[in-house]
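Taking it in order: structure first as structure tokens, then the write-up.
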Amino acid sequence: MTSDTAQASALPHPDFASPAIVMRGVGKNYGNFQALRGVDLEVARGERIVICGPSGSGKSTLIRCINHLEQHDAGQIIVNDMEVGSELKQLQAIRAQVGMVFQSFNLFPHLSILENCILGPTWVRKLPRAEAEAKAMALLERVKIPDQANKRPGQLSGGQQQRVAIARALCMEPSVMLFDEPTSALDPEMVKEVLDVMLELASDGMTMLVVTHEMGFARQAADRVIFMDQGQILESAPPEQFFANPEHERTRTFLSQILH
Amino acid sequence: MSASAISSSARGAGLWRSLFGSRLNFALTVIFALLLAAILPIIVQWSIIDAAFFPAIPQTCETAAGACWSFIIAKHSQILFGIYPYDERWRPLIVCLLLLGLLIHSVRPTAWRPSLAAWWLVALTACWVLLGGGMFGLVEVTSDKWGGLPVTLILTVVAIGFGFPSGVLLALARRSDLPVIRLLATMFIEITRALPLLSILFIASIMLPLLVPEAFLPDKFWRALIALVLFASAYMAEVVRGGLQALPRGQYEAADALGLSYWQSRRLIILPQAVALVIPALTNTVIVMIKNTSLVLVVGLFDLISSGKAALADPEWRSPAVEVYLFITAIYFVLCFGFSRFADSLERRSKGSVR
């Protein structure tokens with residue numbers, strides 16, 4: 001595992017002193033609905049950020065703009081010193097450096113677990129197959145499902161699938177990982193196995209943006225918790241402060257609703 | 001008891017139940033058994049017992065009360081190869097064997113390598129040279145003398161072999177983000193689908209020469225071929241588009257998020273799943289296209305059916321039309337049913353891979 005991180009940091013990443021992600025005045029509209037209104041956010045390298053907020057507050061849209069799954073219509077997003085936009089080559093370079101884990105796993109059902117994991121490395125990173133497979137097996141080991149490598153995604157439980165999805169993203173040796181409600185589609189007994197993998201990843205120093213309502217994860221792993229409402233960042237604070245002493249009334253209401 | 005023994009005895013019990021399980025099933029079984037008992041002897045009597053086989057001359061049929069298979073035996077080469085010059089009929093024979101052999105070879109998953117496409121191109125070129133001649137010391141035979149099974153096979157293979165990939169490209173184009181490409185694809189598909197195949201064939205073979213001097217046009221066979229490819233591609237495009245739209249958006253997003261390019265994502269992620277989803281509908285289109293090739297007879301090409309009809313014109317025989325059409329039907333049935341089985345195996349292969 002330490003060798004993985006060593007390998008990852010050996011990658012020619014841009015400037016380590018610059019922030020991993022910079023967002024300036026980012027806006028996004030769906031017709032008349034303003035999903036994001038002028039969001040400013042700076043994510044330092046190795047920073048772990050949990051984003052929460054009521055449904056429709058723009059938190060998923062925010063992280064989906066970072067790898068351009070949604071196109072922002074105002075402002076500027078810079079990832080690893082590259083601006084996110086429609087320029088294809090640059091966009092693919094950014095996406096190769098930004099891993100994403102979806103709520104509904106989105107594994108490729110026609111490919112085996114191993115093939116899911118080596119697809120990006122072999123086709124995007126042009127790694128030799130043997131090397132990609134070794135790397136994938138090491139990561140499947142790390143998410144504790146090496147024995148399922150030759151099964152199809154449909155044969156795995158939800159929790160296992162999500163762990164594979166995390167391994168698939170990590171196979172690309174990303175410098176940033178985005179998690180879009182990674183545990184929301186899981187049966188309750190499977191949430192922990194996925195969170196455990198994410199906690200381990202956080203302790204290894206991965207830059208993470210996690211949209212989730214798992215406040216336990218936020219307390220344990222986050223450097224900063226962001227509360228979004230109506231397309232804006234309302235509050236941004238370290239977890240101790242965020243949970244003990246939220247500034248805004250709306251944050252308090254939201255927390256009381258989800259913390260029971 | 002072994003698992004297979006259990007399942008076979010369970011199947012036996014299931015068969016018994018479905019035949020005699022209820023009063024309705026019992027009644028239906030009895031009625032159909034009686035019908036079969038009434039019809040089967042007549043068919044056997046006509047097609048085998050009273051049928052005329054050898055010697056394959058008109059007199060054999062005149063004395064026989066049943067089917068005149070002598071005609072098929074005597075005329076099989078004319079039915080299969082049309083008016084192709086008699087002494088050169090080994091050429092269409094090789095073409096048929098080549099195409100059928102390659103078709104059978106292509107069915108096996110182990111054969112699916114990029115080289116297979118190259119083999120098909122080589123085989124089709126070889127067919128072209130063999131049928132047309134005029135080179136390598138072969139006597140030239142113009143395409144208006146080609147006929148029968150090789151014509152049907154070439155038209156089918158080319159219409160589907162080229163129509164499917166173009167259909168896939170058209171389907172992708174119709175869902176493209178680029179408005180011009182989307183508009184062109186939509187226009188092509190809608191116009192082609194709105195015209196009957198007959199009228200497209202007429203335009204290609206009769207109207208086109210009125211507008212453009214014949215010298216600048218490929219010959220009639222090519223024009224019909226192109227018309228069939230275009231027609232097939234428009235239909236297949238819509239079938240494939242259905243598959244593209246049925247695929248969850250998450251699959252597109254996951255492919256994008258990995259940094260795959262557009263074509264990598266289509267080839268590795270989207271199309272394998274989208275096409276697998278629409279295999280039944282594609283099979284339907286393919287089978288319709290196999291039979292559509294017979295429409296080329298209206299523009300003066302001799303496919304299997306028209307060469308069968310031509311063979312019937314021999315006044316020495318008493319025109320055993322039923323037997324000839326049964327023969328042709330059997331060939332079409334083998335082609336269509338064979339494809340349907342192939343599609344079935346494809347579908348079973350992809351089961352479990354599509355949610």
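Every chain is numbered from 1 and lettered A, B, ... according to where its sequence line falls, protein lines coming before strand lines.
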To check you understand the geometry: which heavy-atom pair defines the closest contact between [X] and [Y], and what is its length?
X      : Y      : result
B:A254 : A:F102 : CA-CE1, 3.7 Å
B:L268 : A:H110 : O-NE2, 2.8 Å
A:P109 : B:Q273 : CG-OE1, 3.1 Å
A:W123 : B:R267 : CH2-NH2, 3.3 Å

Could you give the distance from CG (B:L258) to CG (A:N116), rounded to the nearest 0.5 Å?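 Here the rounded value is 8.5 Å.
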Would you say [atom1] of [X] has more than 12 non-hydrogen atoms from neighbouring residues, nucleotides or ligands within 6.0 angstrom?
X      : atom1 : answer
B:W112 : CH2   : yes
B:R182 : CZ    : yes
B:D177 : CG    : no

Side-chain contact test, heavy atoms from C-beta onward, threshold under 4.5 Å: evaluate it for B:D256 versus A:H68 and give yes or no.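 Heavy-atom side-chain distance check fails, nothing below 4.5 Å.
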Do you know which of [options] has the most heavy-atom pairs under 4.5 Å to chain B?
options               : result
A:M100, A:Q155, A:R64 : A:R64
A:L119, A:V98, A:N67  : A:L119
A:Q103, A:R168, A:K89 : A:R168

I'd like to know if the side chain of B:Q251 and the backbone of A:L107 have a donor-acceptor N/O pair within less than 3.5 Å.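 Judged by distance alone, yes, a pair lies under 3.5 Å.
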Heavy-atom proximity to chain A below 4.5 Å, by part of B:E253: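 Contact with chain A is through both the backbone and side chain of B:E253.
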